[in-house]
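Quick note: residue numbers are just sequence positions, from 1. Just so you know, ligand 1 is whichever comes first in the structure, and atom 1 is the first atom listed for that ligand.
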Amino acid sequence: MLQVRRDLCLGCGLCVQSCPRRAISLLWGQAEIDPYRCIPCCLCRQVCPQGAIIELVPISGDELQTTVTTLKQRVEDLIASIEKLRC
Ligand code: SF4
Ligand code: SF4
């Protein structure tokens, strides 16, 4: 599934022109993808000068839990390192 990053999209409309399925429209100056029309062929990703169209990769609950645990450990390690620098 593709999604447009609103922080990057400039509303240039190049993706709209490239889409063979007419799955993209500009809404309030930004691209919007209709997931029911998208095949997805990724042509829009290739033409976007901003790299604003990204693919969302679904992950399992276990993968998410592992990622959260790893990030939490890294944050704790960073805090410990900062505390050591203060001493
Ligand atoms: S090509 Fe990229 S920057 Fe232009 S409207 Fe589409 S998503 Fe936005
Ligand atoms: S992936 Fe293809 S079908 Fe889907 S929005 Fe982009 S250009 Fe259109």
Minimum heavy-atom separation for A31 and R6, please, with both atom names. O-NH1, 4.2 Å
Is a donor on one side and an acceptor on the other found under 3.5 Å between the side chain of R21 and the backbone of C38? no
C12 neighbourhood, listing ligand 1 atoms whose heavy-atom distance to it stays under 4.0 Å: 1 (S), 3 (S), 4 (Fe), 5 (S)
Do you know which two heavy atoms are closest between I24 and I33, and how far apart they sit? CG1-CG1, 4.1 Å
For S60 and E63, test the side chains for any donor-to-acceptor distance below 3.5 angstrom and give the result as yes or no. yes
Taking only heavy atoms of C15 into account, list the atoms of ligand 1 that are under 4.0 Å away from them. 1 (S), 5 (S), 6 (Fe), 7 (S)
Which ligand 2 atoms are under 4.0 Å away from a heavy-atom of C41? 1 (S), 2 (Fe), 3 (S), 7 (S)
Atom 3 (S) of ligand 1: nearest protein contact (heavy atom, Å): L10 N, 3.3 Å
the protein heavy atom lying closest to atom 4 (Fe) of ligand 2 turns out to be C38 SG, 2.4 Å
Could you pull out the closest heavy-atom pair between R45 and I53, with the gap in Å? NE-O, 3.3 Å
Atoms of ligand 2 under 4.0 Å from any heavy atom of P40, numbered from 1 in the order shown, are 1 (S)
What part of I53 sits under 4.0 Å from ligand 1 if we count only heavy atoms: the side chain, the backbone, both or neither? side chain
Run the numbers for me: atoms of ligand 2, each under 4.0 Å from some heavy atom of I39, listed by number. 3 (S), 4 (Fe)
Nearest 0.5 Å, what's the CD-SG distance between E32 and C15? 11.0 Å
Under 4.0 Å from a heavy atom of C44: which atoms of ligand 2 are those, numbered in the order shown and with their elements? 1 (S), 5 (S), 6 (Fe), 7 (S)
Contact atoms of ligand 2, heavy-atom distance to C42 under 4.0 Å: 1 (S), 2 (Fe)
Hey, is the main chain of G11 close enough, under 3.5 Å, to the side chain of Q30 for a donor-acceptor pair? no
For ligand 2, which atoms have a heavy atom of L2 less than 4.0 angstrom away? 1 (S)
Considering the heavy atoms of C19, write down every atom of ligand 2 situated less than 4.0 Å from one of them. 3 (S), 5 (S), 7 (S), 8 (Fe)
Where ligand 2 meets I24 - atom numbers and elements under 4.0 angstrom, heavy-atom basis: 5 (S)
What is the distance from atom CG of L2 to atom SG of C44, rounded to the nearest 0.5 Å? 5.5 Å
What residue and heavy atom of the protein are closest to atom 2 (Fe) of ligand 1, and at what distance? C48 SG, 2.3 Å
Taking atom CG of L43 and atom CD of Q17, what is their separation to the nearest 0.5 Å? 13.0 Å
Under 3.5 Å, is there a donor-acceptor pair between the side chain of Q50 and the main chain of L8? yes
Distance under 4.0 Å to a non-hydrogen atom of C9: what atoms of ligand 1 satisfy this? 3 (S), 5 (S), 7 (S), 8 (Fe)
